[in-house]
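The model shown is predicted, which means the values in this text are computed figures rather than measured ones. When reading the values below, keep in mind they use all heavy atoms of this one structure, side chains included, and skip hydrogens, waters and symmetry mates.
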There are 2 protein chains.
Amino acid sequence: MFIANTVTKVTRQTTEPLRDQILQRCRLMLMGGHIVPGQKLPLRPLAEEFETSLMPVRDALNRLVADGALEMSNSRTIRVPDMSDERLLELHEIRRSLEGLAAEYAAPLLSNAAISRLEQLIDDMETALRSGDYDTYISSHYSFHFTIYTAAGRPTLLGMIDVLWLQVGPWFRQGIERANSTDGKPNAGHKRIVAALRARDPVATRASVEHDVFANIEYIRKGEFPLAG
Amino acid sequence: MFIANTVTKVTRQTTEPLRDQILQRCRLMLMGGHIVPGQKLPLRPLAEEFETSLMPVRDALNRLVADGALEMSNSRTIRVPDMSDERLLELHEIRRSLEGLAAEYAAPLLSNAAISRLEQLIDDMETALRSGDYDTYISSHYSFHFTIYTAAGRPTLLGMIDVLWLQVGPWFRQGIERANSTDGKPNAGHKRIVAALRARDPVATRASVEHDVFANIEYIRKGEFPLAG
DNA sequence: TTTAGTATCATGTGATATCAAAAATATATA
DNA sequence: TATATATTTTTGATATCACATGATACTAAA
């Protein structure tokens with residue numbers, strides 16, 4: 001329970017390398033906001049918790065540093081980076097661009113069943129928000145967006161969007177927790193997205209997704225959604 | 001001289017880790033097209049050429065795999081990925097989106113001196129093409145575009161564009177070599193970009209960069225610029 | 001109380017050894 | 001000759017260890 005309360009042991013399998021198991025766990029912790037900005041992630045304590053040697057932990061963390069989800073200081077300390085307003089703005093500019101692109105491609109390809117699932121996820125999000133279950137909210141929110149982006153059938157684009165979410169993850173958690181107390185309408189944007197998808201309208205889908213992404217920034221600017229640390 | 005004829009020994013310094021030195025060399029080899037698609041990159045022979053142990057080579061190659069510049073098969077063999085038409089199209093869709101964005105931001109920020117340097121680079125490219133000096137062409141071409149993108153002042157965006165170029169690099173080399181024999185007008189697009197920058201026109205700059213990026217795809221479609229392996 | 005110096009500790013990097021799986025090669029069989 | 005099988009070699013993943021460097025705590029002098 002040193003790094004985060006979701007760390008569990010990994011086991012050596014023939015199928016999946018330890019490195020990938022550890023990477024997956026770290027990604028979930030970052031996306032879910034269970035590792036906070038500024039927190040150090042030293043190799044040895046982590047290896048101890050995962051009950052492995054340094055090597056697979058080192059590989060996993062190197063990967064996350066490469067993705068920008070973690071940073072290594074000049075003194076080689078690995079930690080979750082602090083988020084500046086500047087960096088957050090840049091990340092959302094890129095998100096708007098790439099997620100808009102993915103949404104446009106996905107619009108004609110999403111099945112009715114998938115769209116119905118999106119509506120279910122909106123309900124899940126609202127329920128989770130009302131009960132303060134942020135883990136479920138974040139999970140459903142991720143599923144909502146990535147159901148759309150996956151349907152675009154662009155694997156490289158999907159991977160790049162995923163990396164962006166990984167970078168924003170830790171601060172999104174903080175932002176959601178604070179915003180929920182004063183403002184509960186993030187799902188308005190999601191409902192517009194679903195409407196555009198029902199119409200199979202690529203242009204409207206792109207526009208609604210771009211707007212939804214940037215809504216976060218608007219909240220930040222107004223001080224209602226202080227993601228910045 | 002096993003992997004490529006540009007492999008040189010790395011030396012242990014206090015400043016830069018071996019991993020980073022190896023990574024930089026591999027990046028240059030990929031960008032310059034000195035490692036061909038489908039070629040395997042086993043750790044041990046590479047380590048032997050760099051005169052290091054496996055570890056720094058492993059770290060560098062893992063990073064390149066994470067960036068999509070190399071691929072690891074299900075049997076863990078690392079190689080330069082083959083380029084499908086589908087993947088090439090996707091990479092250029094993303095390039096158009098992100099490089100257009102960077103160019104738009106850069107337009108008001110480029111100094112006259114920088115723009116003059118761009119014109120010099122256009123000359124360099126034409127000279128290099130005429131003499132068949134593709135290494136210089138590729139280097140000048142990279143400098144031309146990244147002079148612009150760097151001026152945008154968006155470090156994350158710049159890094160993502162860089163990764164895209166790394167993925168396209170091996171096939172760009174092939175494409176340029178073939179296209180030069182039949183078609184020598186890639187610089188027309190570059191001149192339009194410079195004109196838009198001289199006018200400090202963000203919209204025109206974005207449009208000209210987007211057009212330039214996609215010109216590659218048009219060549220491919222017409223069969224005049226067969227990047228696809 | 002402050003500050004410079006020192007010792008100790010923590011950390012990532014890199015080298016080496018080992019292992020299982022995959023690949024390549026050799027051998028056998030039809 | 002072609003194909004199946006056995007053997008050897010190669011390969012990446014992981015563990016373990018040594019090392020240099022930076023961080024931290026502590027001491028002593030001002």
Point to revise | Toward the 5' end of DNA chain D, by each residue's nearest nucleotide, A/Thr52 or A/Asn74 | key: A/Thr52
Exercise for review: Tell me which residues in residues 54-63 of chain B put a heavy atom below 4.0 Å from DNA chain C, sorted by number, or none.
Suggested key: B/Met55, B/Pro56
Review point. Do B/Gln24 and B/Asp20 meet the criterion of a side-chain donor-acceptor pair at a distance under 3.5 Å?
Key: no
Point to revise | Qualifying residues under salt bridge (charged side-chain N to carboxylate O under 4.0 Å, His left out), relative to A/Arg206, sequence neighbours excluded | key: A/Glu104, A/Glu210
Review point. Does atom CZ of B/Arg79 have more than 12 heavy-atom neighbours, drawn from other residues, nucleotides or ligands, at distances under 6.0 Å?
Key: yes
Check your understanding: Where the side chain of A/Glu90 meets the backbone of B/Thr156, is there a donor-acceptor pair that is under 3.5 Å apart?
Key -> yes
**Study point:** Euclidean distance, atom CZ of residue A/Arg79 to atom C1' of C/dT11 [Å, nearest integer]
**Key:** 12 Å
**Study point:** Residue whose nearest DNA chain D nucleotide is more 5′ - A/Thr77 or A/Arg19
**Key:** A/Arg19
Review point. Picking from C/dG14, C/dT13, D/dT11, which would you name as closest to the side chain of B/Pro45?
Key: D/dT11
Revision key, fill the gap. When rounded to whole Å, the CZ to C1' distance for the pair A/Phe50 and D/dT14 reads 16 Å
Review point. Testing B/Val80, B/Asp82, B/Ile35 for side chain to side chain contact (heavy atoms under 4.5 Å, CB included) with B/Pro170, which one passes?
Key: B/Val80
Study note, to complete from the structure: Among C/dG12, C/dA24, D/dG12, the one nearest any side-chain atom of B/Lys40 is C/dA24
Practice item. Would you indicate which nucleotide in C/dT13, C/dG14, D/dT14 comes nearest to any side-chain atom of A/Pro17? Key: D/dT14
Review point. Counting only N and O atoms by type, is there a donor-acceptor contact under 3.5 Å from the side chain of B/Ser139 to the main-chain atoms of B/Asp135?
Key: no
**Study point:** Residue-phosphate contact under 4.0 Å: B/Ser53 side-chain N/O, C/dT16 OP1/OP2
**Key:** no
Review point. Which listed nucleotide (C/dG12, C/dG14, D/dG12) is nearest to the side chain of A/Ile78?
Key: C/dG12
Identify each atom pair where a protein N or O and an N or O of nucleotides 8-10 of chain C are less than 3.5 Å apart, giving names and distance.
none

Check your understanding: Is there a donor N/O on one and an acceptor N/O on the other, under 3.5 Å, for the side chain of A/Arg44 and the base of C/dG12?
Key -> yes
Review point. Looking at side-chain heavy atoms only, is the closest gap between A/Asp59 and B/Asp59 below 4.5 Å?
Key: yes
Exercise for review: Before giving the answer on salt bridge (Lys or Arg N to Asp or Glu O under 4.0 Å), spell out for B/Arg63 and B/Asp67 the whole-Å C-alpha distance, their side-chain angles and the decisive distance to 0.1 Å.
Suggested key: CA-CA 6 Å; B/Arg63 168 63 184 268; B/Asp67 286 344; 3.2 Å; yes
Check your understanding: When B/Arg154 is tested against each of A/Glu86, A/Arg87, A/Glu93 for side chain to side chain contact (heavy atoms under 4.5 Å, CB included), which residue passes?
Key -> A/Glu93
